[in-house]
Trainee: 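Below are the structure tokens for one structure; questions will follow.
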Amino acid sequence: MISVQLFFYFGIILAIVGSLATAWGPGVKDPIVRTFNTEIASIGVCLVLLSYNHVLALLTLVATTVVITLILFRAIIRLEEMGADV
Amino acid sequence: MDFVTLGGNLLGTIPLGDIVLYITPLSLFLFIVLLVFTLLIAISKTETQVEATLMKLSNTNVKVGKKEFKQRRFLSVICGIASAGAMITGDLFNFTLFMALIGILNIGIVSAVKQTTVLNSAYQYGLIAMMCSLPLFGGASIILASTGTLSLAVLSQMPATPMVVFGAVLMLLGILGESGVAPFFASKAEMFRTPGSPFIVIIHLSSLFIIVRAVEILLLVLW
Amino acid sequence: MKIGKIWNKLADPKTVPRLFAFCLGIILILGLFVPMALNPDQLYTRPAPQVQIDDGLPIAPYDRGGVVLKEPGIIKAQFPENSKELGMITGYMSPLAEWVSSISPYFGTSIYSSPGGLIDEVLYYTRGFDTILESSILMMAFIIASWLAINYTMDRRDIEKDLKKAANDSANVAREIKINDEKARAKQLRRDN
Amino acid sequence: MADILINVFIAFLAGSLLLGLHRKIMARVQKRPGPPIIQHLLHSLKFFFKETAFPKTVSMPFYIGIVFILAAIWVVGVIVGPVAHGSLLILFGVYAVYKIVEHNSGSSSGSPYGKASCVRAVLSAATELPLFAAIVLVYLKTGSMNIGDIISYQATNGPLIFSIPLAAIMFFLLLLSKSPYSPFGITKDKALVSGFETEHFGFLRGFIMFSESISWYVMLWVFLTIFFGPLSAVGYLIGMIVLTFITGFINSTTPILNPNHSVMTQITMGAVCFIGTVVMILI
Amino acid sequence: MLDYLIYLLTFVIGSILGLLYSYKLHGEPYVADSSLDIKTCIMSIVGWILGFNSGNMILGGIGFLLAGFVMGERPGYGRKETAIGLTIAIIIYLALHLIK
Amino acid sequence: MVFIPSYVPAEFLSMYLPAIYGALIIGFIGSMAIALNRRDIHILILTDLIGLAMIIIVSAVGTDLAEALILPGLVVELAETLAISEILLSREMHKIEANPRANLTKSTSLFPQPFALDMEIMTTAPNFIALVLIAYGIFLTGFTGGAVAGGGIVLYALSKKARGLPVLILDGIAGVSGIAWCLWIIGFALFFVAPNLWILSLFLAACGLLLKVASKVGLIGLLMREDIDKE
Amino acid sequence: MEFVVSIIAIALMIIGALGIILLKKPLDKVIMFSILDAGFLLSVVLFRYLDVALFVALSGPLSTLVFIMAIVKIKEIRAKKVESGEIHD
């Protein structure tokens, strides 16, 4: 038997820590770093879904996280390349 | 609270599984008006915007290009249909989904234009629309957690607990943001400075009707 | 006349998302003081976490009872009278899914999300209209994005034109330099002679 | 059917006369003689006999269709209000469509004045909220959205103006913003020529004026009905004339507000009145 | 509701007739004659009294036609007459209703 | 015999409160960060957090219904992010295009420039992983399958060497997804018209959705390979 | 046994999370992300959903690939900018 509660609370904490890091963590002035930090929060949410046994939602979340990251990186890169100040 | 006190007598229902659409004089009126407008949009041409040119005597004609026209017409017709659907839906989550769809379509209708100010307000509005997913879906699911149902017919018979009120407040905030009423009006109003009058009218129409409908739904849920 | 200034600030599109976010944050934090509890009387209930996988069921977290194609599973829908075949879809497995379920007890998720899963029951059968909407949202967003990408942000025809022009320019410059060089050389030669 | 027709005509005639009166009052306040009261009606009739021209830049079916929608919408307003005593929410919807028409008749013409008016119409749509708040308060007090029920509630419990005066003020703000030359009437600011009507000539303008007369009548009727209880015909007459007087006085003495100030003034007053009424109901 | 429509219509028609009549009578660009006109004064009194107190569709219609005729005269004319007629009519109306 | 409780089990009841409080806190952090931030791209990244909070709130209900509500909500989040980021890009491009001489410097360019990246993984691994992902996605079908297969297609498109936007392929993808849309509407309608054909309608619905989502997600890969690719 | 493994998984995730937050260089962050992902994979395996674990294992390299490419590209862009004297590192 594994402790579902342990993973659940850890997931919540990870999500909160991740979102704190995304919001005010070190070096988040760089959009790349900020996007990285959202990954932590999303892994936390994955753990929450796992402990709720929402496994299909978990699969979808994992897949979409990758794609969202891809989209955000693309936007960041293009904006830097254009020299736009946003 | 019953449907009857708000929108008049129940004229009929359309059961689609757990989602039951219902028709009252109010929703029928809104539905028909939206369909009429959608039809008009589908057959309309766009106008030419005439503007004075700086430092010259001539005018500038701002027109909608053919490609842009097709794209925007398609999106506005879908937006009209979606708002018409939102008028008769009888399910809380279904309604929030319609709102999300209308939000993304509103952005889409103005996204094809060239004016940077319009694009800027479309972007800002898009940010609000994305943030609105939390109050809308979250509010609906808090109501679900508290009452155990999403159907308006069942919800209208239940008393309101503080939790339901909180969910309804969240939903109200989402609706206010998504339909761009004061004090959040600026991001949406600035989108209307682009040519293409038949298309932008549906943006305005859908948001106003969504407010009317949201009033009904919130009253149903709360009382 | 301070209130006038505040009102003018509200008319700037850039402040609006931030204002909205601020209002949202305030309401969310007020939510901490609202008494909240989950109503146990819910639709489409599921067993407690890890119960089914500990029991070693082959289609673990999504087994809702019933015999394939014979007996409906246990599903609690809002309006059962609107869905005649309720529970039958959970009792159905595609041949591929049956084969996978005979191999290992640890592939329940995959099996039940393939055609005939519980999620299909909820997504397509009882709440199919939601699915239509959600996938419409997806489709519209992609239409918008791909239209913009094809027609504007990724339009490579202009850049090709630019590149050609630049190439021509540089060729012209090179030619001019060459001509100038030859002229100079000719002059030099003449002077030398 | 005959009932509807009669009511529509009454609404048109009475509305035009009231608007003419409004114009006369404003003129008198400003020490001008002003046109005869009948003038507004004559204007609207006149336009039906004028030649109609369509600008080259318009967006075609919409430009014409919108005025018919406007007329149809207010006819529906008459049906729901004075004829059938239907749901207040439908009247709210009618008002919403009126906003749309205001917006779109401005934008479909291609004129920059119409365009500016259209953007302002979107801004002022934000002021739907006070109307909505007033309706909700009436609903909270009487427990019904049906005008007939509200009338019978007032017949037993006395007019609502005494129990929820702040809601009446909110509704009055709406009336004020819809009256001509109002301080909140940003869509018809004279800096924009005629606002959204700038490019509508001939019978199109005739239809617009026809529906505006009806709308003025219907809104006054709704205000009197939901806040002053069951009234006789004389009561309605006096009430409408008094309201026209008050709005005329206010409009002739106040300047027009800047668009976003206009919006936020109405919203702020709406919010204050809403909270005030809720407090009054709870205490 | 039909009677109200008829009152309104006759009032409007009366106003139009009054406007045409008074423009034919006074073509000046300014108000030339501000004295009380006995003819129109009687018309106004009779019209308003009939309009308010008859309770009959036809008589009321005629009354509003007369009242509108006076009230609808060009600006500057028929004001005093209307005021007198209206006052007398209201007094009679109140008297009738208070006595009852 | 499988036991399905008719009420929500006690575990979920006890987990509701922490989950929802956690979600509220995450939402609060995200929204406050947005309220304090001024830069557009950062706000876009931060809205991601708010989406995560939404997922937790919905999932906390702990029923199959909740799961069904999360699934597409996720895909919606993704789609909105894509559309809005594209609008941001086009806005900035319009701004720069209005006055290229002042806005474009030597090191910047309006269109993506190729860059040199020579990695072993880019040539060998993607084909295999993409194949596995696509096969798995097809097996899953539905939203999830679409997302998984789409991930595979993204990877495949990314690792291809060719540059240049394949407009023809994009049009083809749009066609496929249109057909999928029709399939799926037919399937949905069949459920209510003829319930006895539910197996057929189920397959139509599920496969239509798979094709739709996968083709749409795959499109991102095609867009990406413009930006992030080697010479 | 399972308790120990879950402790290991959680420890991996904590290390990964802290590493992502605290480390400065983006490439280090990618490595730390892999650790985080590994911890998550372990916990999925603990929950005995092998198919999900398979997918998580497959998506790991995918995201790493995306990260690396984005980082390399953005580095190049920034280096170019420094070279042309627009920004100072």
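Here is the naming used below: chain letters follow the sequence lines, and residue numbers restart at 1 for every chain.
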Trainee: Considering only heavy atoms, which portion of Ile109(B) lies under 4.5 Å from any heavy atom of chain C: side chain, backbone, both, or neither?
Mentor: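 Answer is neither: Ile109(B) stays 4.5 Å or more from chain C.
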
Trainee: Quick one: pull up NZ in Lys14(C) and CG in Leu127(B) and give me the separation to the nearest 0.5 Å.
Mentor: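 Nearest 0.5 Å value for the NZ-CG distance: 9.0 Å.
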
Trainee: Checking Ala37(C) against chain B: side chain, backbone, both or neither under 4.5 Å from a heavy atom?
Mentor: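 Just the backbone, heavy atoms under 4.5 Å.
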
Trainee: How far apart are the closest heavy atoms of Phe166(B) and Ile27(C), and which atoms are they?
Mentor: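 Reported closest heavy-atom pair: CE1-O, 3.5 Å.
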
Trainee: Highest number of heavy-atom pairs under 4.5 Å with chain C: which of Ile142(B), Thr147(B), Val169(B)?
Mentor: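 If we count pairs closer than 4.5 Å to chain C, Thr147(B) comes out on top.
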
Trainee: Can a donor-acceptor pair be found, under 3.5 Å and without considering hydrogens, that links the side chain of Gln42(C) to the backbone of Ala145(B)?
Mentor: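 Indeed, once roles are kept as given, a pair shorter than 3.5 Å links the two residues.
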
Trainee: Which bit of Asp41(C) comes within less than 4.5 Å of chain B, counting heavy atoms only: side chain, backbone, both or neither?
Mentor: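 Backbone of Asp41(C) only, per the 4.5 Å heavy-atom cut-off to chain B.
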
Trainee: Which distance, rounded to the nearest 0.5 Å, do you find between the CD of Gln124(B) and the OG1 of Thr15(C)?
Mentor: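 The OG1 atom of Thr15(C) is 8.5 Å from CD of Gln124(B), to the nearest 0.5 Å.
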
Trainee: Under a 4.5 Å heavy-atom cutoff, which of Ala100(B), Ser111(B), Gly103(B), Gly85(B) has the most pairs with chain C?
Mentor: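 Option with the greatest count: Ser111(B).
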
Trainee: Please find the pair of heavy atoms, one from Met163(B) and one from Pro35(C), that lie closest to each other, and give the distance.
Mentor: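 Closest heavy-atom pair between Met163(B) and Pro35(C): CB-O, 4.1 Å.
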
Trainee: Could you please spell out the steps behind the side chain to side chain contact (heavy atoms under 4.5 Å, CB included) verdict for Leu170(B) and Leu28(C)?
Mentor: CA-CA 8 Å; Leu170(B) 269 184; Leu28(C) 286 178; 4.1 Å; yes

Trainee: With rounding to the nearest 0.5 Å, note down the distance linking CG in Leu133(C) to CG in Leu101(B).
Mentor: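 Interatomic distance, Leu133(C) CG to Leu101(B) CG, rounded to 0.5 Å: 6.5 Å.
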
Trainee: Is it the backbone or the side chain of Val165(B) that comes under 4.5 Å from a heavy atom of chain C, or both, or neither?
Mentor: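 When you check distances to chain C, no heavy atom of Val165(B) falls under 4.5 Å.
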
Trainee: Distance from Met140(C) atom CE to Phe74(B) atom CZ, nearest 0.5 Å?
Mentor: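 It is 4.5 Å, given to the nearest 0.5 Å.
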
Trainee: Using every non-hydrogen atom in the two residues, find where Ile144(C) and Ile104(B) come nearest and quote the distance to one decimal.
Mentor: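 Heavy atoms of Ile144(C) and Ile104(B) come nearest at CD1-O, 3.4 Å.
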
Trainee: Out of curiosity, Ser136(C) OG to Ile78(B) CD1, how far, rounded to the nearest 0.5 Å?
Mentor: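 Here the rounded value is 7.5 Å.
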
Trainee: Between Ile128(B) and Pro17(C), is there a side-chain heavy-atom distance shorter than 4.5 Å?
Mentor: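 Yes, at least one pair of side-chain atoms sits under 4.5 Å.
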
Trainee: Taking all non-hydrogen atoms of both residues into account, name the closest pair between Met131(B) and Leu24(C) and its distance.
Mentor: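 That closest heavy-atom pairing would be O-CD2, 4.3 Å.
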
Trainee: Check the pair Phe98(B) / Phe129(C) against side chain to side chain contact (heavy atoms under 4.5 Å, CB included), numbers first and verdict last.
Mentor: CA-CA 10 Å; Phe98(B) 268 122; Phe129(C) 201 38; 4.0 Å; yes

Trainee: Name the option with the most non-hydrogen atom pairs under 4.5 Å to chain C; the candidates are Thr89(B), Leu105(B), Leu75(B), Asp91(B).
Mentor: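 The answer is Asp91(B).
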
Trainee: Is chain B contacted by the side chain of Ile143(C), its backbone, both, or neither, given a heavy-atom distance below 4.5 Å?
Mentor: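 For Ile143(C), the contact with chain B is made by backbone and side chain together.
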
Trainee: Side chain to side chain contact (heavy atoms under 4.5 Å, CB included), that's the test. Do Glu68(B) and Trp147(C) meet it? Break it down for me.
Mentor: CA-CA 9 Å; Glu68(B) 190 187 325; Trp147(C) 194 88; 4.3 Å; yes

Trainee: In terms of heavy-atom contacts, does CZ of Phe22(C) have more than 12 from other residues, nucleotides or ligands at under 6.0 Å?
Mentor: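 No.
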
Trainee: Between chain B and each of Leu19(C), Leu138(C), Val34(C), Asp130(C), count heavy-atom pairs under 4.5 Å; write down the option with the most.
Mentor: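 The candidate making the most pairs under 4.5 Å is Asp130(C).
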
Trainee: How far apart are the closest heavy atoms of Phe20(C) and Gly177(B), and which atoms are they?
Mentor: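 Taking every non-hydrogen atom into account, CE1-CA, 3.5 Å.
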
